[in-house]
**Student:** 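Just passing along the structure, written as structure tokens.
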There are 2 protein chains.
Amino acid sequence: MSYSMPHDDRLPLYQRLRDEFAARIAGQQWRPGDAIPTEAELVKAFGASIGTVRKAIDMLVADGMLERFQGRGTFVRRKRFESTMFRFFRFQNEAGERRIPQARILRRECVVAPSAVAAALRLPAGAEAIQMTRLRLLDDTPLLVESIWLPRERFAALLDIDTHDFGDLLYALYEERCGQVVASAEETLTAESVDAMHARLLQIQAGAPVIVVERLAYGYDRQPLEWRRSRGPADQFRYHVEIR
Amino acid sequence: MSYSMPHDDRLPLYQRLRDEFAARIAGQQWRPGDAIPTEAELVKAFGASIGTVRKAIDMLVADGMLERFQGRGTFVRRKRFESTMFRFFRFQNEAGERRIPQARILRRECVVAPSAVAAALRLPAGAEAIQMTRLRLLDDTPLLVESIWLPRERFAALLDIDTHDFGDLLYALYEERCGQVVASAEETLTAESVDAMHARLLQIQAGAPVIVVERLAYGYDRQPLEWRRSRGPADQFRYHVEIR
DNA sequence: AAGTGGTCTAGACCACCTG
DNA sequence: AGGTGGTCTAGACCACTTT
């Protein structure tokens with residue numbers, strides 16, 4: 001294994017180590033679920049002292065890219081992004097069980113990205129995008145309508161698959177079929193009165209309040225991969241924050 | 001200065017130091033804005049090594065209780081909690097300037113705390129609480145209706161002040177008049193259709209969507225100090241999160 | 001028993017800020 | 001110039017997990 005470290009010499013060593021480790025995760029040399037080399041091995045390989053190596057690892061743990069287990073090792077974290085909506089919506093049935101909602105693709109087409117979407121995904125004006133509309137349901141009750149936009153270039157493989165075979169976990173599909181791994185995301189929450197179309201899809205009364213979540217998902221290389229806007233009934237919504 | 005450290009001997013030293021430092025901040029021996037002793041002094045006073053003292057300080061910096069400045073020192077952070085609503089609501093006028101909204105106390109009374117409030121504030125059943133209703137406005141436009149509950153015992157001094165003299169920053173008043181300093185908070189967001197009373201106060205249409213923010217504020221000693229529920233028009237609301 | 005991360009030491013030298 | 005936090009070293013010993 002070659003331990004090249006160009007980077008910027010002005011940066012502290014622990015920063016350069018952090019970047020080097022992050023690059024290995026991004027480059028799939030260290031894969032999700034795998035153990036990374038032990039601290040002792042990293043010390044030897046990079047010629048840094050244990051404290052410095054640990055500080056670099058600390059940062060990646062804080063970033064959510066690594067996970068430590070005393071006595072076992074340090075592992076690349078498996079991301080479960082499909083479940084982030086659990087932060088916002090109560091995806092539970094009456095018994096209080098938490099379940100993965102079903103997913104139904106209502107539409108999939110290839111269009112020129114609207115300028116707002118192109119800007120978010122950093123695509124040149126006029127670039128093509130895959131647009132999908134997806135309905136999420138729990139026990140056949142609609143919970144969320146999602147409008148999803150993907151850069152056509154990276155995700156062209158999706159156009160060859162029957163939408164009935166997409167399954168319930170889209171990000172797993174991105175990874176398998178397109179080699180695109182979602183590493184982080186930004187979300188913006190707003191609320192509005194539901195319009196006629198979404199009222200029909202969500203089977204709620206016209207004008208009822210809905211929560212709108214806009215999400216921009218990024219790969220390990222910090223390039224935007226996906227933009228989506230999701231709407232769900234406000235009475236199914238609850239979000240908790242701690243402020244310091 | 002006595003450096004007693006009872007605590008739990010099974011805890012790592014850096015944890016015990018963290019707790020000791022946190023206690024000094026809670027006990028106002030280290031006051032907001034003040035520099036704490038230098039790392040070298042803490043090393044000498046506690047007989048720990050520099051790395052261990054730094055780790056304890058690191059934790060309090062991450063908790064937002066301390067702030068470090070290279071070359072200057074480490075300081076107890078001044079909290080500006082009154083501005084947390086800026087996270088959620090657009091407190092801006094047409095020119096985009098960010099302003100502190102005006103505040104108007106609509107009601108202040110002393111009542112037996114309802115059981116939900118008593119539970120949140122960890123008060124015994126039947127304990128008395130101060131209940132206030134406050135309206136926040138920007139350029140005379142209502143933005144937020146707040147229902148606030150305080151343990152009567154700690155906040156009795158508020159009952160002696162004319163509500164017109166409360167000013168726009170409630171947490172500063174708690175500190176000045178009652179010696180109660182808010183150190184952290186938890187907030188839960190939900191949304192609903194506005195009821196008749198709040199529609200009138202907020203001057204919006206009946207049934208329009210409103211965001212509901214419930215906040216429980218804690219002191220440095222981690223005791224709950226205040227519970228409040230705020231409602232504002234959904235179209236003034238926007239919240240942004242990063243997910244990793 | 002062997003191997004892993006967790007805690008802790010006792011310094012050194014550097015970068016930055018203040019008087 | 002003197003003092004502060006920032007970085008880094010080169011270990012030691014402990015707690016926990018796995019074989």
Side-chain angles (χ1 to χ4, degrees), chain A residues 1 3 5 7-22 24-25 30-78, chain B residues 1 3 5 7-22 24-25 30-78:
Chain A
M1 211 182 245
Y3 283 144
M5 280 218 310
H7 299 302
D8 190 337
D9 274 14
R10 294 165 302 183
L11 252 44
L13 180 53
Y14 70 85
Q15 282 277 8
R16 282 177 281 156
L17 289 176
R18 190 218 89 100
D19 291 348
E20 174 63 28
F21 298 165
R24 307 228 160 165
I25 298 169
W30 294 352
R31 288 163 190 281
D34 284 0
I36 70 170
T38 67
E39 296 179 350
E41 284 168 349
L42 293 169
V43 162
K44 212 178 287 183
F46 289 95
S49 81
I50 178 78
T52 305
V53 166
R54 281 185 63 82
K55 180 147 187 174
I57 294 174
D58 281 344
M59 298 179 79
L60 291 167
V61 169
D63 282 353
M65 295 174 75
L66 292 178
E67 225 170 347
R68 278 207 253 243
F69 299 94
Q70 186 177 48
R72 290 209 285 136
T74 302
F75 297 78
V76 180
R77 224 179 116 196
R78 291 177 180 284
Chain B
M1 210 183 246
Y3 282 142
M5 280 218 310
H7 299 300
D8 190 337
D9 273 13
R10 293 166 302 181
L11 253 42
L13 179 54
Y14 70 86
Q15 282 277 8
R16 282 176 282 158
L17 289 176
R18 190 219 89 101
D19 291 349
E20 174 63 26
F21 299 164
R24 308 231 158 159
I25 298 170
W30 294 352
R31 288 163 190 281
D34 284 1
I36 70 170
T38 66
E39 296 179 349
E41 284 169 348
L42 292 169
V43 162
K44 212 179 287 182
F46 289 95
S49 81
I50 178 76
T52 305
V53 167
R54 280 186 63 82
K55 179 146 188 174
I57 295 174
D58 282 344
M59 298 179 80
L60 291 167
V61 169
D63 281 351
M65 295 174 77
L66 292 177
E67 226 170 346
R68 280 207 251 240
F69 299 95
Q70 188 177 48
R72 289 209 288 136
T74 302
F75 298 78
V76 180
R77 222 178 119 196
R78 293 176 179 283

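A note on names: the letters A, B, ... follow the listed sequences, proteins ahead of strands, and every chain is numbered from 1. All of these numbers come straight from a predicted model, not from anything done at the bench.
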**Student:** Given atom CD1 of B:Ile57 and atom C1' of D:dG5, what is their separation to the nearest angstrom?
**Tutor:**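 Those two atoms, CD1 and C1', are 9 Å apart.
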
**Student:** Ignoring backbone atoms, test whether B:Thr38 places a side-chain nitrogen or oxygen under 4.0 Å from the OP1 or OP2 oxygen of D:dG3.
**Tutor:** no

**Student:** More 5' along DNA chain D: A:Val53 or B:Glu39, using each one's nearest nucleotide?
**Tutor:** B:Glu39

**Student:** B:Ala56 and B:Tyr14: which non-hydrogen atoms are nearest, and at how many Å?
**Tutor:**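 Smallest interatomic distance, heavy atoms only, reads CB-O, 3.4 Å.
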
**Student:** Should A:Thr52 be listed as having a side-chain N or O under 4.0 Å from OP1 or OP2 of D:dT9?
**Tutor:**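 For D:dT9, OP1 or OP2 has a side-chain N or O of A:Thr52 closer than 4.0 Å.
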
**Student:** Report yes if a side-chain nitrogen or oxygen of A:Arg72 is closer than 4.0 Å to either non-bridging phosphate oxygen (OP1 or OP2) of C:dG5; otherwise report no.
**Tutor:**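 Answer no for this pair, as no side-chain N or O of A:Arg72 is under 4.0 Å from OP1 or OP2.
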
**Student:** To the nearest Å, give me how far apart OH (B:Tyr14) and C1' (C:dG5) are.
**Tutor:** 12 Å

**Student:** Out of curiosity, A:Ile50 CD1 to A:Ile57 CD1, how far, rounded to the nearest 0.5 Å?
**Tutor:** 7.5 Å

**Student:** Report the residue (B:Ala40 or B:Gly51) whose heavy-atom-nearest nucleotide on DNA chain D is the more 5′ of the two.
**Tutor:**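 On the 5' side of the pair lies B:Ala40.
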
**Student:** When we call it a touch if two heavy atoms are under 4.0 Å apart, what does A:Ala48 touch: a base, just sugar-phosphate, or nothing?
**Tutor:**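 It contacts sugar-phosphate atoms only.
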
**Student:** Can you tell me how far P of D:dT9 sits from CD1 of B:Ile50, to the nearest Å?
**Tutor:**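 Result: 17 Å.
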
**Student:** Under 4.0 Å: is that the gap between some side-chain N or O of A:Ser49 and OP1 or OP2 of D:dA10?
**Tutor:**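 A:Ser49 to D:dA10 OP1/OP2: no side-chain N or O under 4.0 Å.
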
**Student:** Rounded to whole angstroms, how far apart are CZ on B:Arg54 and C1' on C:dT9?
**Tutor:** 15 Å

**Student:** Whole angstroms only, please: what is the NZ-P distance between A:Lys44 and C:dG3?
**Tutor:** 12 Å

**Student:** How close or far is atom C1' of C:dC16 from atom CZ of B:Phe75, stated in whole angstroms?
**Tutor:**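 Whole-Å distance recorded here is 13 Å.
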
**Student:** Rounded to whole Å, how long is the line connecting atom CD of A:Glu67 with atom C1' of C:dG6?
**Tutor:**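 In whole Å, C:dG6 C1' and A:Glu67 CD are 16 Å from each other.
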
**Student:** Determine yes or no for a side-chain-to-main-chain donor-acceptor pair under 3.5 angstrom, with A:Arg77 supplying the side chain and A:Gly64 the backbone.
**Tutor:**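 Here the side-chain-to-backbone pair exists.
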
**Student:** Could you tell me whether the phosphate oxygens of C:dT7, OP1 or OP2, come under 4.0 Å of any side-chain nitrogen or oxygen in B:Lys55?
**Tutor:**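 Looking at the OP1 and OP2 atoms of C:dT7, one of them is under 4.0 Å from a side-chain N or O of B:Lys55.
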
**Student:** Classify the ring geometry between B:Trp30 and B:Phe21 as parallel (under 30°), tilted (30 to 60°) or perpendicular (over 60°).
**Tutor:** tilted

**Student:** Are any non-hydrogen side-chain atoms of B:Val43 and B:Thr52 less than 4.5 angstrom apart?
**Tutor:** no

**Student:** When the nearest nucleotide of DNA chain C is assigned to A:Gly71 and to B:Gln70 on a heavy-atom basis, which residue is associated with the more 5' position?
**Tutor:**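 Closer to the 5' end of DNA chain C: A:Gly71.
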
**Student:** Could you check how far CE of A:Met59 sits from P of D:dC8, rounded to whole Å?
**Tutor:**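 The distance from CE of A:Met59 to P of D:dC8 comes to 11 Å, rounded to the nearest Å.
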
